[in-house]
Structures are given as C-alpha cells and as structure tokens.
Amino acid sequence: MAHQLVVVLDFGSQYTQLIARRIREQNVYCEIHPYTLAADPAKLRELNPIGLVLSGGPSSVYEEGAPQLPASTWEMGLPILGICYGAQLTARALGGKVTPAERREYGRATVKILEGGANQGVLRNMAAGEELAVWASHGDHVEGLPAGFVHTAESENCKYSGFANEAKRIHCVQFHPEVVHTPRGAELLGSFLFGVCNAKADWSMASFVDEAVARIRAQVGSDGRVICGLSGGVDSSVAAALIHKAIGDRLTCIFVDNGVLRKGERDYVATIFRDHFKVDLRVIDAEDRFLTALADVTDPEKKRKVIGYEFIAVFDEQSKTIENARFLAQGTLYPDVIESVSFKGPSHTIKSHHNVGGLPEKMNLKLVEPLRELFKDEVRQLGLELGLPHHMVWRQPFPGPGLAVRCLGNLVKARLDVLRLADAIIEEEIRAAGLYESIWQSFGVLLPVRSVGVMGDARTYEETLAVRAVHSRDGMTADFVQLPWEVLGKISSRVINEVRGINRVVYDITSKPPGTIEWE
Ligand code: XMP
C-alpha cells in the first residue's frame with residue numbers, strides 16, 4: 001500500500017463511521033475493522049498501521065462478555081486514541097477502574113483542559129483552563145487512572161474526561177471528537193494524527209485514482225473484459241468512469257431503458273458516457289418488453305419482482321454477446337462493506353444492488369468493486385476528479401424500479417409519460433429554487449385518483465399528482481421538507497398548466513417512519 005493507514009477498531013458505536021470520515025477528511029487513510037481483528041496481534045501488525053483508534057460502544061467494560069482486547073494491543077508501541085468505550089477499556093486493561101457513573105453524561109457537555117494535558121498530545125493547541133464544547137454519551141466512568149497516566153481534562157459530570165500516557169502515546173477522551181457537536185473535534189483528531197502518529201496526509205482522491213487504476217488493471221489482467229450495468233446513478237457512473245480510465249475499451253457498459261425512467265434519462269447517460277467519455281456503451285431499448293411484463297401489475301412488490309427479473313434477463317442476454325467478459329462491475333460502497341464484516345453481523349437494514357442481485361452467480365462472473373473503500377461523499381469527489389459533470393455527481397438517489405413505484409395503479413405508457421413530464425417540472429423548480437442538492441429526494445407520484453376541476457370554462461376530471469420531498473441522511477429515516485409555499489405554488493401551477501392528465505396537486509407531509517419515502 002502506497003499510503004499510511006490508521007485503523008479504527010470498532011466496538012459498535014453508532015459513530016464509528018464518522019471517526020473514519022473525519023480522519024480521511026484530513027487526507028489520512030483510515031479503515032474500520034471489528035475489534036476482534038486484534039485478537040490475533042499478528043493480523044493487526046500485518047496491516048502496519050501508524051495508529052489505532054478504539055471506538056465507543058454500547059457495552060460496559062466490566063460486564064460479562066463485554067468486548068475486550070488482548071493486553072498486547074497496548075504494548076505494540078502504536079499510538080492509541082481511546083474514545084468513550086475505547087477509553088474505558090484502556091483504563092481498565094492497564095490497571096485503572098471503571099464503574100457505573102452516579103451522574104451519567106449524555107449530550108452536550110463542557111470539558112475543561114487541565115495542566116496535565118494542555119498543549120500536548122491530542123490537546124496540543126489547547127491551553128490549561130480552556131473550555132471545550134463536546135458531545136458525550138456514557139453511563140460509565142473511569143474512577144481511577146492506571147499507573148503512568150496523567151489527568152488531562154475534566155467536566156462537571158465526568159472527572160476523567162481526558163487522560164493520557166504521553167510516553168506510550170496513549171490518549172483517551174470520554175467524549176466524541178468525531179461528531180459535529182464537538183466543534184473542535186476534527187482539530188483534536190488532527191492532533192492525534194499529525195502530532196502523535198506523525199501522519200503524512202498522503203491520501204487524496206488524486207492518489208486514490210492512481211492506486212485504484214493500478215488495482216483494476218492487476219485484477220482484470222491484460223485481456224480481461226468488464227461489463228457494467230450503468231443506471232445513471234452516482235455509484236455506477238463513478239465506477240464506470242474509473243474502470244474506463246483503467247482499461248479503456250475493455251469496459252462495456254449496458255444501460256437498460258426499462259420504460260420507467262425519468263424524462264430524458266437515456267439521452268443524458270448516452271451523452272455523458274458515449275459522446276464525452278467514449279465508453280463502449282450499449283443502450284438497450286427494452287421499454288416494450290418491460291411494459292408488457294408489467295401490464296396489469298398493480299401490486300408494489302410484484303412490480304419490483306417483475307422489473308428485477310426482466311432486468312437480469314436482459315442483462316444476461318446482452319452480456320452473452322460480449323466476448324471474453326469475465327468481470328462484472330459493482331458500485332459497492334464502504335458502508336456496505338463495513339456492515340457485512342461488522343462484529344454485530346450483517347445488518348438487515350441495508351438495501352444493496354437490487355438491480356444486479358443474483359447476476360454474478362448466474363453468469364459466473366468475478367466482481368470488480370472499485371469503490372469498496374469509499375464513503376458516498378468520497379465517491380462524489382472521485383467522480384469530479386474523473387471529470388464527471390457536477391450535475392451527475394450530485395444527483396438525488398433514484399430507485400431501481402424507477403417510476404414504476406411512483407405511478408400507482410396501472411403502468412401504461414400514457415400515464416408514465418404524464419408522470420415523467422410532471423416529475424421533470426418538479427426537478428426544474430426545485431433546482432431553480434437552489435434546493436436540489438440539500439434535499440435527499442424530491443419527486444412526483446401519480447395517483448389513480450380522479451377529481452373534478454375547472455379550467456377555462458370547461459370541467460375537468462383528471463388524476464392527482466402528489467409532490468414528495470424529504471430530508472434524510474441515509475434513506476432509513478426521513479423528514480418531509482418544509483418547502484417554501486412559493487415553490488409549491490409554482491410547481492402546482494406549472495404542472496396543471498403544462499401536463500395534460502393532471503388537474504390537482506397535493507403535497508405529502510408524511511415522514512419516515514411511519515411512511516416510507518417511496519409510495520410503493
Ligand atoms: P423507502 O421507500 O423504503 O426507500 O423509504 C428508502 C430509499 O431506498 C430507495 N429505494 C430503492 N432503491 N431499489 C432501489 O434501488 C428499490 O427497490 C428501492 N426501493 C426504495 C428510495 O428511493 C429511498 O431513497
């Protein structure tokens with residue numbers, strides 16, 4: 001590996017991914033591993049990290065069966081940053097005492113820097129007596145420090161908010177530097193990286209591109225061919241651009257027009273990939289095939305199944321005509337990878353790759369997953385680095401089953417066309433209001449509900465458009481967006497004036513839970 005590595009040992013904190021992101025933001029590469037990795041010190045050594053971070057976690061260190069580390073972890077001479085559970089574990093393992101706290105500390109707290117820690121280690125830019133706003137979350141506390149440790153920080157509810165052994169380069173904090181509610185947290189992590197671990201800041205998107213290109217070439221060999229299902233979404237687009245950079249025309253992309261795409265989608269993708277990047281792109285017009293298979297299907301799950309099945313069938317047929325295709329590209333991201341190796345076991349909440357699920361086994365293809373190490377925001381940066389347009393890199397997510405799950409009732413072309421037009425107006429107006437990139441998803445849903453209206457002197461009796469806009473971090477929970485009335489008014493009047501087939505527009509004010517983001 002050409003760059004340095006910091007390892008985060010995960011004890012199950014909800015913030016573990018944030019630790020890795022805050023470290024990578026400072027151009028130091030960081031990987032998360034389950035704490036069980038350290039059970040075999042040789043495995044940890046093999047990774048050759050420049051420092052270790054022990055994450056927080058929900059357990060109590062003194063409980064039966066609580067996650068532990070072998071004593072050797074603290075004797076390897078590696079710089080260690082213990083955060084919350086990681087701090088308590090360190091204190092206990094080295095001879096200190098951890099007990100349930102009388103006054104627990106959850107949420108905002110103020111930590112005071114003490115003489116013992118001021119201007120050194122992770123507190124290197126912080127003077128004695130200085131107060132830090134922090135985010136705390138713990139019910140246990142350290143009661144006695146291990147030998148050799150100094151007391152570096154305290155708060156009202158937690159005496160040992162910070163403690164360290166400078167000589168051994170072990171630093172502990174009883175709060176979360178990785179969350180935004182600890183405003184100087186990134187600086188503290190930076191002090192650990194650059195002040196304690198002597199990190200070089202040698203990880204950047206530009207260097208990632210070089211490494212990833214070399215890795216793809218090594219995996220695929222000199223004559224291997226990769227196929228990639230391009231959806232127009234951020235992940236598959238960035239994966240395709242990266243693989244294309246590595247192996248040029250030995251990448252074939254397949255874009256399936258399934259008839260339930262957004263307005264102009266097919267041309268949009270073809271213009272970028274075929275005209276601009278000169279990628280070997282096959283655009284498959286399968287609209288009739290999909291709509292025939294979907295005729296009279298109104299059940300949401302059935303729609304999904306039919307689309308998934310047809311997609312695999314089309315993709316399989318196409319790929320058989322591509323000679324020497326031995327690899328399939330997938331836009332798997334780091335959060336999926338962490339979930340599947342986490343000591344808690346794979347999470348059932350993750351939805352991944354519905355569209356190509358089952359393909360690799362069926363077609364006997366090996367996977368190329370060049371984004372496996374990246375977080376979503378890094379994938380966006382990478383896209384820009386590779387020359388993809390800003391517009392594409394910042395697209396809102398779009399579900400694999402497309403407009404099929406937004407066109408309630410029968411999926412006939414005429415109704416899909418109505419929805420396509422209305423949806424495009426929503427996107428235009430949300431963009432014009434400067435809101436598009438701050439919203440997780442904004443779109444229209446066509447309801448098979450007719451109501452009476454009057455336009456000019458004529459009575460109308462047409463269907464209803466529901467406008468949906470939600471804020472979300474990961475799609476798991478969501479809040480409806482309080483769109484400005486002017487924006488809603490503009491959408492409503494444009495849709496009713498410009499789209500034949502809709503005479504009423506309503507706004508969906510349901511959050512998730514209890515609603516889901518999509519209507520079906
Ligand atoms: P729900 O509707 O479950 O959606 O709240 C959560 C997020 O997942 C997207 N979504 C899908 N994406 N295939 C996909 O690729 C699907 O079948 C699918 N269903 C929902 C949805 O757009 C939202 O971002």
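Just so you know, ligand 1 is whichever comes first in the structure, and atom 1 is the first atom listed for that ligand.
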Output the list of atoms in ligand 1 that are nearer than 4.0 Å to some heavy atom of [X], sorted by atom number.
X	answer
T516	1 (P), 2 (O), 5 (O)
K512	1 (P), 3 (O), 5 (O), 6 (C)
W440	24 (O)
G475	6 (C)

May I ask whether W519 has any heavy atom positioned less than 4.0 angstrom from an atom of ligand 1?
no
Pair [X], [Y]: side-chain N/O donor-acceptor within cut-off below 3.5 Å:
X	Y	answer
R468	S442	no
E105	S137	no
Y106	H138	no

Looking at residues at least two apart in the chain, or sitting in another chain, which of them share a side-chain hydrogen bond (donor to acceptor under 3.5 Å, both in side chains) with R215?
E373
Best match, P300, P399, S231: closest heavy atom to atom 9 (C) of ligand 1:
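Looking at heavy atoms only, the winner is P399.
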With respect to atom 16 (C) of ligand 1, which of P401, G402, A404 exhibits the smallest heavy-atom separation?
P401
Shortest non-hydrogen contact from P389 toward I272
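Closest approach of P389 to I272, heavy atoms only: CG-CD1, 3.7 Å.
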One residue to check: M476. Relative to ligand 1, which of side chain, backbone, both or neither has a non-hydrogen atom less than 4.0 Å away?
neither
Test: R494 and E428 ion pair at under 4.0 Å:
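Result for this pair is yes, salt bridge flagged.
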For residues 475-482, which side-chain donor-acceptor pairs fall under 3.5 Å, sequence neighbours excluded?
none

I want to know if ligand 1 touches P397 in the polar sense, i.e. an N/O pair below 3.5 angstrom.
no
